[in-house]
Amino acid sequence: MTRVLFVVSAADHWTLQDGTRHPTGFWAEELVEPYTVFDEAGYEITVASPGGRTPVVDQASLEPDAAGGEDRAAALKDSLEKLQPVLAGAAVLEDQRADDFDLLFTPGGHAPMEDLAVDERFGELVRHFVEAGKPVAMVCHAPAALLPAFDSGGRWLFEGYRLTAFTNIEEVQAGLADKAPWLLQDRLQEAGAVFLSADAWEPHVVSDRVLYTGQNPASSRPLAELVVAELPASSTS
């Protein structure tokens, strides 16, 4: 059976440029849609978070305007209620090993910008997945979690990789660009990524070697479906 390590940020805020805390968490669609795709594919899913803390949803992602309407917001809330025991029982991220999984996936929301983006131990785990030739998939703000991944020589692991993530334009339109301590697109490009983007808010997925990335919430399901389509059925010993 294919095993996926589904890593969710444990942060409930994002520290802005002026030091204030912007409430956040994971983005509902970015967790629910990929989890559903992997579950329907028969994957064994292990949800893990830093310290095994229960991840929280960004409440903004459940607002009808952000979710895509009243019905869609209600459906996401219902899905999260069903997943709450899974989230509450999150495994300790620091205890997980790449050897035990076939795939690493991380949903976004601004939360990963607060913890995973500066988590050297998580960066090492990402490196182990890549060195083993196992897919790493992240959507929206989650590619921030690629930043602490370096090879044994100290070079950023994804230098020269084609990827995508939440764009500067989308951050501006979301209303947080002028308050952000840093912008994800800028940081990834400065690190050496070849950043590819589509129109704001349109689904967009990029794959390069073992790295799979999605630009925004609308890219969540297409990203997960691409990974499932390209990941051979396998079992981890």
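These numbers come from the heavy atoms of this one structure, side chains and all, not from hydrogens, waters or symmetry mates.
- Grouping Ile, Leu, Val, Met, Phe, Trp and Tyr residues whose side-chain heavy atoms lie under 4.5 Å apart, directly or via other members, places F166 in a hydrophobic cluster with W201.
- For Q189 (side chain) and F195 (main-chain N/O), no donor-acceptor pair under 3.5 Å exists by modelled atom type.
- Of all non-hydrogen atoms in N216 and V139, the two that sit nearest each other are O-CG2, 3.5 Å.
- Side-chain atoms of R162 and L211, non-hydrogen and from C-beta on, never get closer than 4.5 Å to each other.
- Among residues two or more places apart in sequence or in another chain, the ring pair (Phe, Tyr, Trp, His ring centres under 6.0 Å) test is passed with F129 by none.
- Judged by distance alone, with hydrogens and angles left aside, the side-chain atoms of T36 form a donor-acceptor pair with the main-chain N or O of V32 at under 3.5 Å.
- For the residue pair S220 and E33, the shortest heavy atom distance occurs at CB-CB, 4.2 Å.
- Considering every non-hydrogen atom in both A218 and P222, the closest pair reads O-CD, 3.4 Å.
- The two residues E29 and P34 come nearest to each other via the heavy atoms O-CD, 3.6 Å.
- Residues V130 and Y161 meet the side-chain proximity criterion, which asks for heavy atoms closer than 4.5 Å.
- L80 is listed as a side-chain neighbour of L62, based on a closest heavy-atom distance under 4.5 Å.
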**Message:** Walk me through whether Q215 and E170 qualify under side-chain hydrogen bond (donor to acceptor under 3.5 Å, both in side chains).
**Reply:** CA-CA 10 Å; Q215 179 174 318; E170 287 167 324; 3.1 Å; yes
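- Within the 4.5 Å cutoff, the side chain of F101 has no heavy atoms near those of the K134 side chain.
- Side-chain contact between H110 and L176 is present, with at least one heavy-atom pair separated by less than 4.5 Å.
- S9 and D115 share a side-chain donor-acceptor pair at under 3.5 Å.
- Looking only at distances, no side-chain donor or acceptor of S61 sits under 3.5 Å from a matching main-chain atom of W27.
- Closest approach of Y43 to L231, counting heavy atoms only: OH-CD2, 3.7 Å.
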**Request:** Check the pair Q96 / H128 against side-chain hydrogen bond (donor to acceptor under 3.5 Å, both in side chains), numbers first and verdict last.
**Result:** CA-CA 11 Å; Q96 308 309 307; H128 291 160; over 6 Å; no
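- Here V206 is tied into one hydrophobic group with V194, L196, each link being a pair of ILVMFWY side chains closer than 4.5 Å.
- Between the T213 side chain and the T164 main chain, a donor and an acceptor come within less than 3.5 Å of each other.
- Using modelled atom types, one side-chain atom of D102 and one backbone atom of R3 make a donor-acceptor pair closer than 3.5 Å.
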